[in-house]
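Working notes for the structure below.
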2 protein chains.
Amino acid sequence: MTKRNTIQKSLIVESLHKLDHPTAEEIWQDISAKIPSISLTTVYRNLKQMVEDNSILAVTVDKGAIKYDSEIHPHAHFYCLSCGKIVDIPPSGFVPKIPEGFLEEVEITKTELLLSGYCAECKIKEKN
Amino acid sequence: MTKRNTIQKSLIVESLHKLDHPTAEEIWQDISAKIPSISLTTVYRNLKQMVEDNSILAVTVDKGAIKYDSEIHPHAHFYCLSCGKIVDIPPSGFVPKIPEGFLEEVEITKTELLLSGYCAECKIKEKN
DNA sequence: ATTGGTGCAAAGGCTTTGCAGATCG
DNA sequence: CGATCTGCAAAGCCTTTGCACCAAT
């Protein structure tokens, strides 16, 4: 069960860094421009594996398609309810203070902070 | 377009309070015991409407079914990756400190803090 | 009597799976 | 060569939608 390197895999990684919180389909479209034969299934399969390997992040908002994030260092997300874009928020100090006792009982492996609302551009549009 | 009160609707509200972060299907099964004719569609429709009315909360974890929460006051969630249960975490002071400037540009309407990991029971099981 | 709600069945969106063939090491 | 990976098609899961009938106000 040794992992192999494939053209598809490296192109997916490349797209992940190039695109901004893309969905599987957006990555697939991006790569299709170069390698028209790539399958959406392959994109899904590789993304899923990378998430399991903790080499990328899956951002789930609403019930729409999963958005992937190549930035794995701790940070929060802002999600625009109007245009759907995700913006990374630097970690510079969001401090979830959880009640005493709770943290001792459970084991927390992941912390997600998602702010939803309207981004600067959409906020302006809403007013018109 | 005035809203009407139906038996289904009130049973859904009742189940929401009785069950612990249930999915639409769990609510449907619960009600089916009393009213076997209730349709899953009706449950989905009412839940969706309540979420839009901000009378309940939709908690999205993974890509599985949405879990609904009748507690709408600010609080965080803990999600057990092993047994899947959701635990409400009292709001007693989680303070997302977002970088200066960002908050001035965007309009935030919702803040979600989701901690994932292993609950007390599952943590013990894992060790065996 | 209106017209919103319900149940049913079908469709829809996103993701996963089974399988045969291609490919990396 | 052998095991993993790919592409294709099909299935799966959760949720929504269209439509005719039912029922709350």
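It should be emphasised that the depicted structure is a prediction, and the values quoted were computed from it without experimental measurement. Because only heavy atoms are used, hydrogens play no part in the values below, and waters and symmetry mates are left out as well, while side chains stay in. Letters go in sequence order (proteins before strands), and every chain restarts at 1.
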Nearest heavy-atom neighbours spanning [X] and [Y]:
| X | Y | value |
| --- | --- | --- |
| A/K9 | A/R4 | NZ-O, 2.8 Å |
| B/D20 | B/I86 | OD2-O, 3.7 Å |
| B/T60 | B/L114 | O-CD2, 4.3 Å |

Mind calculating the distance between [atom1] ([X]) and [atom2] ([N]) to the nearest angstrom?
| X | N | atom1 | atom2 | result |
| --- | --- | --- | --- | --- |
| B/Y44 | C/dA11 | OH | P | 19 Å |
| A/I12 | D/dC5 | CD1 | C1' | 11 Å |
| A/I7 | D/dT6 | CD1 | P | 10 Å |
| A/W28 | C/dC14 | CH2 | C1' | 13 Å |
| B/L47 | D/dT15 | CG | P | 9 Å |
| A/L40 | C/dT16 | CG | P | 11 Å |
| A/D62 | D/dT16 | CG | P | 11 Å |
| A/N5 | D/dT6 | CG | P | 10 Å |

Nucleotide nearest [X] (side chain, heavy atoms from C-beta), chosen from [options]:
| X | options | answer |
| --- | --- | --- |
| A/K63 | D/dT15, D/dC5, C/dC14 | D/dT15 |
| A/I38 | C/dG4, D/dG7, C/dT23 | D/dG7 |
| A/K9 | D/dC5, D/dT15, C/dG7 | D/dC5 |
| B/R4 | C/dT2, D/dG7, C/dT6 | C/dT2 |

Neighbour count above 12 (heavy atom, 6.0 Å) for B/I7 CD1: no
Residue whose nearest DNA chain D nucleotide is more 5′ - B/K48 or B/T6: B/K48
Most 5' of B/I66 and A/V43 on DNA chain D, judged by nearest nucleotide: A/V43
Have a look at [X] and say if it touches a base, only the backbone sugar-phosphate, or nothing, with a 4.0 Å heavy-atom cut-off.
| X | answer |
| --- | --- |
| B/T41 | base |
| A/Q8 | sugar-phosphate |
| A/S37 | sugar-phosphate |

Phosphate-side-chain proximity, A/N46 and D/dC5, N/O vs OP1/OP2 below 4.0 Å: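 So the side chain of A/N46 is outside the cut-off, no N or O lying under 4.0 Å from OP1 or OP2 of D/dC5.
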Interatomic spacing from CD in B/E26 to OG in B/S15 - rounded to 0.5 Å: 10.5 Å
No-H, no-angle donor-acceptor pair, B/R45 side chain to C/dG4 base, under 3.5 Å: no
